[in-house]
There are 2 protein chains.
Amino acid sequence: MANIANIYSGTLADIEKLDGPLSQRVYTALRDAILDMKIAPGEVLRKATICEQFGVSRSPVAEALTRLSGEGLVDVIPQSATRVTRFSLEEIREECFLRDAVEVAAVKRVATTRTDDQLLQLSRNIRLQSLLVEDKDFHGFFEADEAFHAMLLEFTGFRSVAAIAGQLSLQLRRARVLILPEEGRPAETVIEHTAVLDAIRAGDEDGAARAMRHHLGQLIVRIEPLEQQFPDFFR
Amino acid sequence: MANIANIYSGTLADIEKLDGPLSQRVYTALRDAILDMKIAPGEVLRKATICEQFGVSRSPVAEALTRLSGEGLVDVIPQSATRVTRFSLEEIREECFLRDAVEVAAVKRVATTRTDDQLLQLSRNIRLQSLLVEDKDFHGFFEADEAFHAMLLEFTGFRSVAAIAGQLSLQLRRARVLILPEEGRPAETVIEHTAVLDAIRAGDEDGAARAMRHHLGQLIVRIEPLEQQFPDFFR
DNA sequence: ACCTGTCAACTAACATGTTAGCTGAAAGTG
DNA sequence: CACTTTCAGCTAACATGTTAGTTGACAGGT
């Protein structure tokens with residue numbers, strides 16, 4: 001007999017397996033679940049329920065929710081409720097703009113500074129992407145895709161720019177989970193990634209920028225139809 | 001008899017004057033004090049002391065510190081202490097890179113989309129900057145400078161891109177307070193802002209980008225010497 | 001039937017008691 | 001004297017009791 005209050009039960013990671021402070025573990029578990037769309041946008045998160053599920057008191061849960069709220073992953077309605085943030089196309093377009101600005105700048109820089117080792121790592125990653133597409137391992141492909149972009153950001157020489165830039169486009173990352181299974185898109189993505197890498201290898205700053213801009217531009221046109229497809233997830 | 005624990009007493013805004021939840025008021029007061037360098041980098045923030053100063057309990061203070069920690073404005077050392085984050089040149093260079101990426105992208109866009117009203121607002125702001133420099137009102141100038149950049153970001157048409165981009169360069173904003181009184185710099189800044197505006201008015205996308213890149217590039221060369229000048233503020 | 005005020009139930013927000021982990025000084029040891 | 005070890009004191013972290021604001025259902029008036 002499924003309890004309505006526990007509809008996302010079992011989708012949360014076991015915090016026993018993580019280490020560090022309780023609040024950190026609760027935060028990580030909730031964040032992962034939200035980013036992977038295991039908890040639907042709009043769904044209510046009750047402090048008391050979360051406490052029971054993790055077997056912890058309200059303090060660490062409150063802290064975790066505060067952090068998630070700061071990242072825009074949950075909406076706290078004062079004295080009333082806490083919900084997983086719904087998508088807003090306006091906000092997603094903004095994130096696309098920012099992501100484009102940062103990743104294009106990164107790729108221009110990398111095109112002029114890249115080392116042989118970096119080129120090797122990137123091309124290895126792309127070969128991995130191809131294999132995962134062949135195997136139809138979409139989850140694995142998603143991770144390799146993220147790793148490709150993260151590598152480009154890291155290769156700017158700014159150690160944690162990838163982490164900071166990642167925080168800019170959390171809604172985007174979440175929305176991408178919805179378009180993952182779209183037929184043929186992963187294969188196209190690999191081609192676009194390859195174009196970026198080829199330009200970087202050639203040291204062609206502007207070509208790399210154009211290739212990256214084109215690649216990122218594909219995302220928003222695939223996200224826009226989601227508002228019709230999943231109206232409940234949007235506000 | 002000044003209490004050592006209260007050395008930043010009186011620099012905190014009176015939370016009675018703010019509204020909203022207590023945690024929000026505490027957060028705002030602390031954040032403003034940190035950004036304005038009224039609490040020095042490296043200074044220890046004791047929960048108990050803050051509670052006394054604001055006359056609130058530990059919960060809202062804890063929540064405020066959690067949020068500040070998420071923004072990188074304070075460092076929490078588990079079970080030990082909470083300090084105002086020290087500067088790191090590495091991190092500041094990163095923020096410069098990100099800020100450059102975002103603001104150059106913004107200015108390129110605005111150069112092709114600007115309306116007459118927007119041009120008017122920008123030129124009004126620059127005239128205000130000139131007046132404030134003449135009056136040697138550095139604090140006022142600082143605010144007008146920030147407003148200029150915020151306006152450019154807003155004119156991209158992405159409503160809250162200014163707010164999000166602002167979060168990217170909090171350390172930069174804090175460090176800028178230290179270079180404020182540098183002789184002659186404000187006057188130069190006005191000239192650089194004018195160059196940006198002129199290019200935007202001319203619809204010269206690349207010229208605006210170059211002008212903005214040059215302007216932002218001035219910042220890091222002025223920040224770097226601060227590490228020698230204020231060694232205690234750096235880690 | 002349709003507003004409209006009241007109120008009970010539920011939630012986050014706040015206060016406070018308790019625990020666990022770090023830290024640095026002092027005592028012990030070679 | 002140097003190099004551990006112990007331990008008291010302090011801090012953030014966690015648990016839990018209490019308050020206040022929101023919401024929606026329901027009663028009563030129009």
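Residue numbering restarts at 1 for every chain, and letters A, B, ... go by the order of the sequence lines.
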Taking atom types as modelled and ignoring hydrogens, do the side chains of A:Gln121 and A:Arg124 form a donor-acceptor contact shorter than 3.5 angstrom?
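There is no such pair (donor and acceptor under 3.5 Å, judged by atom type) between the side chains of A:Gln121 and A:Arg124.
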
A:Ala147: which residues meet the side chain to side chain contact (heavy atoms under 4.5 Å, CB included) condition with it, sequence neighbours left out?
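Per chain and number, A:Ala147 pairs via side chain to side chain contact (heavy atoms under 4.5 Å, CB included) with A:Asn125.
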
For A:Leu128, enumerate each residue passing the side chain to side chain contact (heavy atoms under 4.5 Å, CB included) test, keeping only those at least two apart in sequence or located in another chain.
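Here the qualifying residues are A:Leu132, A:Ala144.
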
Using the side-chain hydrogen bond (donor to acceptor under 3.5 Å, both in side chains) criterion, which residues pair with [X]? Sequence neighbours excluded.
| X | answer |
| --- | --- |
| A:Arg31 | A:Tyr27, A:Glu71 |
| B:Gln218 | B:His214, B:Arg222 |
| B:Arg213 | B:Asp100 |
| A:Arg86 | none |

In whole angstrom, what separates [X]'s [atom1] from [N]'s [atom2]?
| X | N | atom1 | atom2 | answer |
| --- | --- | --- | --- | --- |
| A:Ile50 | C:dT11 | CD1 | C1' | 13 Å |
| A:Arg46 | D:dT23 | CZ | C1' | 13 Å |
| B:Glu52 | D:dT11 | CD | C1' | 15 Å |
| B:Leu45 | D:dC10 | CG | P | 19 Å |

Between the first and last five pairs of the helix from C:dA1-D:dT30 to C:dG30-D:dC1, the angle of the axes, rounded to 10 degrees
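If I round to tens, the end axes sit 10° apart.
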
Salt bridge (charged side-chain N to carboxylate O under 4.0 Å, His left out) involving B:Arg173 - partner list, sequence neighbours excluded
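So B:Arg173 forms a salt bridge (charged side-chain N to carboxylate O under 4.0 Å, His left out) with B:Asp36, B:Glu146.
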
Using atom types as modelled, flag every donor-acceptor pair under 3.5 Å from a side chain in residues 226-235 of chain A to any protein atom, sequence neighbours excluded.
{"from": "A:Arg235", "atom 1": "NH2", "to": "A:Glu91", "atom 2": "OE1", "distance (Å)": "3.1"}

Applying ring pair (Phe, Tyr, Trp, His ring centres under 6.0 Å), can you list everything that pairs with B:Phe148, at least two apart in sequence or on another chain?
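B:Phe148: ring pair (Phe, Tyr, Trp, His ring centres under 6.0 Å) contacts with B:His193.
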
Under 3.5 Å, which N/O atoms of the protein pair with N/O atoms of nucleotides 5-9 of chain D?
none

Does B:Ile164 reach the side chain of A:Leu98, with side-chain heavy atoms less than 4.5 Å apart?
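Answer yes - side chains close enough.
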
Is the phosphate of D:dC10 approached by B:Lys47 (side-chain N or O, under 4.0 Å from OP1 or OP2)?
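For B:Lys47, the contact criterion (side-chain N or O under 4.0 Å from OP1 or OP2 of D:dC10) is not met.
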
Mark up nucleotides 14-22 of chain D, 5' to 3', with B wherever a protein heavy atom is under 4.0 angstrom from a base atom, S wherever such an atom reaches only the sugar-phosphate, and - elsewhere.
SBBBB-BBS

